[in-house]
Every structure is written in C-alpha cells, then in structure tokens.
Amino acid sequence: MFSDRARIHVQAGRGGDGALSFRREKYVPKGGPDGGDGGRGGDVLLVADPDLRDLSRFRRERAFKGGRGGHGSGSGKHGADGERVELPVPVGTQVFDDDGNLVVDLAHAGAQAVLGRGGSGGRGNRQFATPTRQTPRFAEIGTPGEEAEFDLRLKLLADAALVGLPNAGKSSLLSRISNAKPKVADYPFTTLEPVLGTVDAPDGRQLTVADVPGLIEGASEGVGLGHEFLAHLERAQLLVHVIDAAAGDPAEQFLTIDHELAEYGAGLETRPQVVVLNKVDLLRSPPSLRLDDERIVALFAVSCATREGIPEFRRALFDLVPPLAGPAPAESAMADFLVYRPVPRARPFKILRTDRGFRVTGRAPEGEELEEALRAAGAKTGDEVELGDEVLEFQ
Ligand SMILES: Nc1nc2c(ncn2[C@@H]2O[C@H](COP(=O)(O)OP(=O)(O)OP(=O)(O)O)[C@@H](O)[C@H]2O)c(=O)[nH]1
Ligand SMILES: [Mg+2]
C-alpha cells in the first residue's frame with residue numbers, strides 16, 4: 001500500500017569516551033599520559049533517492065540508531081567513529097519537527113538531511129597534559145547523540161496532476177499518454193493511491209503526470225479519499241481537470257471540483273488548469289464548456305476509448321507546463337547538494353572521567369539532569385563525583 005506519511009524516531013550515536021591511560025615502559029615507573037580520544041558517534045540522515053516512490057518502509061521500522069563511537073585506548077589509540085545510518089527516502093519528502101515546523105524539504109535527488117548528529121568523542125588524558133600538569137588523571141567522556149522524533153510527509157513532484165470526479169477517466173487518460181499502467185474500471189474510486197507516469201516527447205523532453213484518487217463533494221473536509229491526496233496536487237505546476245462529458249453538464253462538474261480545490265486552499269484554486277472533456281465517443285454532438293474562467297488555459301475534447309484528440313492533447317502538454325516555473329538552473333544545481341544540518345546544541349558542561357569516578361566542569365546542571373548525564377556517562381553507585389570544590393558520591 002502507498003504510504004505518504006511516517007513518523008520516525010532518530011537517535012544518533014554516542015561519542016566514545018577518551019581513555020585514561022599511562023604509558024608502561026620497562027624501568028620507567030610511570031610513563032606519560034597516553035589515553036587516546038573516543039570516536040565520533042554516527043549521524044542519522046535522510047537521502048533523497050529517485051528510485052523510491054513512497055514511505056512504506058517506515059511502517060516496518062521506525063526507530064533508527066546511529067552507531068556508538070569506539071572508546072579511545074592506551075598508546076594514544078583513537079576510537080573508531082560510529083556507523084552512520086543513511087535512510088533513503090523518495091524525492092519530495094518533507095521533514096517536520098515535533099512542533100510541526102518544516103525543517104527540510106528533500107526536493108532534489110541526492111539532497112541530504114542530517115536529522116540526528118552523532119555525539120563527539122571525548123578527549124583522552126594525553127590531550128590534557130600541560131607543562132604544569134604532566135599526569136592528568138582524567139579523560140573526557142563522549143557526548144550523547146541527538147535524539148528526536150520527526151514526521152515525514154511525501155508530496156509528489158509532478159509537472160502536471162490529473163484531477164476530477166471518480167470515473168471521469170483520469171487513469172484511462174494517464175495510460176493513454178504515459179508509460180504508466182494504472183487500473184481502469186467502471187466504478188468510482190478505482191484509483192486508491194497516486195500513480196506517476198512519465199510522458200516522453202520525440203525531442204527527448206519528459207514530463208511527469210500524477211493520477212490521484214477521484215475527488216467528490218466534501219473532499220476538502222475529508223469525504224471520500226480526496227483530502228489525503230490533495231496535498232500531492234500542491235507541487236504540480238499544472239492541473240489537468242478531467243471531466244466525463246457524457247455524465248451531465250461539464251460546467252457543473254467543473255465547479256464541484258473547483259469548490260473542493262478552493263476549500264483545500266494552498267493556492268490550488270489559482271493554479272492554471274487545462275480542461276479535458278473525455279468520453280466524447282459517447283456523445284452525438286461535440287461537447288462544450290459554458291464557463292468563462294481565466295484560469296482555464298486550454299480545453300480539449302478527447303476519447304480515451306477511441307483515442308480521438310489524445311495525440312493533440314499529449315503534444316500540447318509540453319507547451320502548457322510552465323517551462324520557467326521550476327527553479328532556475330543555478331539554484332537547482334545547488335539544491336542537489338543541499339545538506340541540512342541541525343544547529344548543534346553545545347552542552348554547557350563537560351564530564352571527565354577520573355581514576356576514582358567523574359569530574360563535572362562548566363555550568364553543571366542540577367538534580368535529575370546531572371544524575372542522568374552521569375549515568376549515561378557510565379557512573380555507578382559509589383563512584384566519586386567532583387563538582388567544583390565538592391566531592392560527592394554517586395548514588
Ligand atoms: N466510452 C468511454 N469510456 C471511457 C473513456 N475513458 C474512460 N472510460 C471508462 O470509464 C471508466 C472509468 O475510467 P477510469 O480511467 O478508471 O476513471 P478514473 O477517473 O480514473 O476513476 P477513479 O480512479 O475511480 O477516480 C472505465 O470503465 C473506463 O473504461 C472514454 O473515452 N470513452
Ligand atoms: Mg483512476
């Protein structure tokens with residue numbers, strides 16, 4: 001089943017701890033500090049993949065963890081960086097944070113978004129040696145990776161989208177002009193999920209056309225299937241309004257759909273529209289649309305059954321999709337490499353590991369928050385915690 005929404009939990013990897021270690025050499029009772037640094041925690045990121053069509057993989061799995069950074073060790077050995085987790089998503093995926101703010105829009109193939117940044121590795125005691133402190137008896141522990149929930153929402157990116165009442169012949173039209181093979185049947189709501197088709201022109205140009213489930217009166221309030229899918233129309237530059245010309249007054253059918261688009265909002269009601277009067281094979285005289293509307297940029301009479309008018313419509317589509325409405329070339333090239341990164345939230349304090357426990361420096365938090373941070377750092381009951389001038393015992 002097509003899936004255009006998902007909620008995921010992201011936990012980036014924790015940074016590895018720096019090592020507390022001293023060189024051991026023959027005949028030297030105590031060598032210098034040689035504890036290496038911990039590795040960085042693994043990031044969790046999304047990558048826009050042009051081969052994917054929906055977000056259904058997130059139904060099976062919704063929690064993603066970056067790998068933990070390795071701990072540093074003696075002889076100055078650096079811990080390994082944690083494994084980064086790359087999640088492929090379809091192009092057109094938008095990411096919202098817990099407050100509903102759009103954080104990134106993966107509108108181009110290859111665009112990336114780091115949703116959780118891995119923690120940094122702690123410095124080993126070797127790094128803390130100074131001329132006046134030659135045997136630093138502490139090392140830094142790694143910081144936690146970022147953790148958050150995100151809502152993913154897919155909005156199809158199509159040049160044109162077919163809209164209309166159920167049974168109007170939208171899927172039939174798509175199958176006539178594109179490589180797509182949507183299901184066609186003589187009952188409403190045959191199409192239950194959006195289908196994308198590619199239309200090829202002899203000169204090599206390509207257009208993508210989306211067929212979405214039929215809309216009915218009340219769709220914008222959630223009647224039928226329509227509302228879920230109206231969002232997919234938002235990104236289409238051109239709306240192709242398909243009307244069954246044999247099913248009553250075309251103008252009336254047009255207004256029913258137009259009302260739903262206006263109710264939905266998001267600018268759908270101002271989009272240029274092409275009207276396709278379908279099923280003309282069932283009519284004795286040519287159909288007409290008695291409507292004077294400046295948004296209607298073209299009108300076609302076709303039959304998906306006999307293919308009358310189809311080649312003309314198909315050719316005209318290439319002229320009708322606004323060629324300049326997309327991003328300018330320079331901008332789109334940039335967007336291919338667009339990488340979103342959350343602003344790092346620096347911790348205002350540090351936890352160091354000492355040979356008897358831990359030392360907290362900087363603006364240490366109080367109470368539970370401190371306890372939590374220490375526990376995450378590996379503190380156990382009985383460990384000594386140095387806090388400013390105080391020495392406490394971890395409970
Ligand atoms: N006679 C005739 N029948 C057509 C024509 N176009 C489509 N049909 C028939 O109309 C019915 C509905 O066609 P679909 O393409 O499934 O319509 P749809 O708009 O995609 O319908 P939903 O997916 O339910 O919204 C089918 O039985 C088609 O065979 C046409 O030009 N002439
Ligand atoms: Mg259909």
Side-chain angles (χ1 to χ4, degrees), residues 1-4 53-54 156 158 160-199 207-233 236 238-261 263-264 268 273-289 298-317:
M1 216 171 100
F2 182 85
S3 165
D4 59 0
R53 290 286 167 266
D54 77 356
L156 294 181
L162 306 178
V163 285
L165 293 166
N167 242 11
K170 300 178 295 299
S171 302
S172 304
L173 186 61
L174 187 69
S175 70
R176 286 290 180 236
I177 62 171
S178 78
N179 61 346
K181 304 209 173 0
K183 187 174 170 194
V184 169
D186 190 17
Y187 53 86
F189 302 117
T190 310
T191 303
L192 298 173
E193 53 197 46
V195 178
L196 272 187
T198 308
V199 188
L207 288 181
T208 49
V209 177
D211 174 23
V212 297
L215 296 177
I216 53 172
E217 196 175 332
S220 56
E221 284 132 43
V223 183
L225 296 165
H227 192 258
E228 276 287 301
F229 298 101
L230 278 168
H232 293 296
L233 304 181
L238 183 74
L239 298 184
V240 177
H241 191 151
V242 183
I243 293 173
D244 180 349
D249 182 12
E252 212 170 279
Q253 298 182 55
F254 178 90
L255 292 172
T256 301
I257 295 296
D258 193 44
H259 178 75
E260 296 309 321
L261 297 181
E263 286 293 307
Y264 179 76
L268 287 186
Q273 290 192 21
V274 171
V275 175
V276 175
L277 300 175
N278 186 31
K279 307 196 191 182
V280 296
D281 57 291
L282 300 177
L283 301 176
R284 278 205 217 111
S285 51
S288 66
L289 181 71
L299 179 69
F300 296 88
V302 308
S303 165
C304 293
T306 66
R307 296 179 194 246
E308 181 187 339
I310 298 290
E312 292 80 358
F313 166 68
R314 186 189 147 111
R315 260 198 307 276
L317 256 190

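One-based numbering, in listed order, for ligands and for the atoms of each.
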- Any idea how Phe313 and Phe300 line up, ring-wise: parallel (<30°), tilted (30 to 60°), or perpendicular (>60°)? perpendicular

- Message: Polar contacts were defined as any N/O atom of the residue lying under 3.5 Å from an N/O atom of the ligand; does this apply to Asp281 and ligand 1?
- Response: yes

- The protein heavy atom nearest to atom 12 (C) of ligand 1 is Asn167 OD1, 3.1 Å

- Task: Examine ligand 1 and decide if any of its atoms is less than 4.0 Å from a heavy atom belonging to Ala168.
- Result: yes

- Query: Just distances here: any N/O of Lys183 and N/O of ligand 1 closer than 3.5 Å?
  - Reply: no

- Query: When rounded to the nearest 0.5 angstrom, what is the spacing between CG in Leu277 and NE2 in His241?
  - Reply: 9.5 Å

- A student comparing Arg176, Lys170, Lys279 should find that the heavy atom closest to atom 18 (P) of ligand 1 comes from Lys170

- Query: Under a 4.0 Å heavy-atom limit, does Ala185 contact ligand 1 with its side chain, its backbone, both, or neither?
  - Reply: backbone

- Task: Just need the protein heavy atom nearest to atom 6 (N) of ligand 1, so name the residue and atom and give the distance.
- Result: Asn278 ND2, 3.1 Å

- To the nearest 0.5 Å, tell me how far Ile257 CD1 sits from Leu255 CG. 10.5 Å

- Going from CG on Asp211 to NZ on Lys183, what distance comes out if it is rounded to the nearest 0.5 angstrom? 13.0 Å

- Give me the protein N, O or S atoms that fall under 2.8 Å of the Mg ion (ligand 2), sorted by chain and residue number. Ser171 OG, Thr191 OG1

- Any side-chain heavy-atom pair of Ser178 and Thr198 under 4.5 Å: no

- Query: Do any N/O atoms on Gly169 end up under 3.5 angstrom from N/O atoms on ligand 1?
  - Reply: yes

- Query: So does Lys279 pair up with Asp244, basic N to acidic O under 4.0 Å?
  - Reply: yes

- Task: If you have a sec, work out which protein heavy atom is nearest atom 15 (O) of ligand 1 and how many Å separate them, to one decimal?
- Result: Ser172 OG, 2.6 Å

- Item | Partner of Leu174 by side-chain contact (heavy atoms from CB on, under 4.5 Å), out of Val209, Val184, Val242 | Val209

- Message: Under 3.5 Å between any N/O of Cys304 and any N/O of ligand 1: does that happen in this structure?
- Response: yes

- Looking only at distances, please establish whether an N/O atom of ligand 1 is found under 3.5 Å from an N/O atom of Val184. no

- Task: Of the side chain and backbone of Leu282, name the one, both, or neither that has a heavy atom under 4.0 Å from an atom of ligand 1.
- Result: side chain

- Message: Using a 3.5 Å cut-off on N or O atoms only, is Ala305 in polar contact with ligand 1?
- Response: yes

- Are any of the N or O atoms of Pro166 closer than 3.5 Å to those of ligand 1? no

- Message: Let me confirm one number: the CG-CG distance from Asn167 to Asn278, rounded to the nearest 0.5 Å.
- Response: 10.5 Å

- Item | Non-hydrogen atoms of Leu165 and Lys170 that approach each other most closely | O-NZ, 2.8 Å

- How far does CD of Gln273 sit from CG of Leu268, to the nearest 0.5 angstrom? 9.5 Å

- With sequence neighbours left out, what residues match Glu308 under side chain to side chain contact (heavy atoms under 4.5 Å, CB included)? Val280, Ser303, Thr306

- Between Val195, Leu233, Leu162, which is the residue that forms a side-chain contact (heavy atoms from CB on, under 4.5 Å) with Val212? Leu233

- Message: Using 0.5 Å steps for rounding, measure from the CG atom of Asn179 to the NZ atom of Lys181.
- Response: 6.5 Å

- Task: Distance to 0.1 Å, residue and atom name: give those for the protein heavy atom nearest to atom 23 (O) of ligand 1.
- Result: Thr191 OG1, 2.8 Å

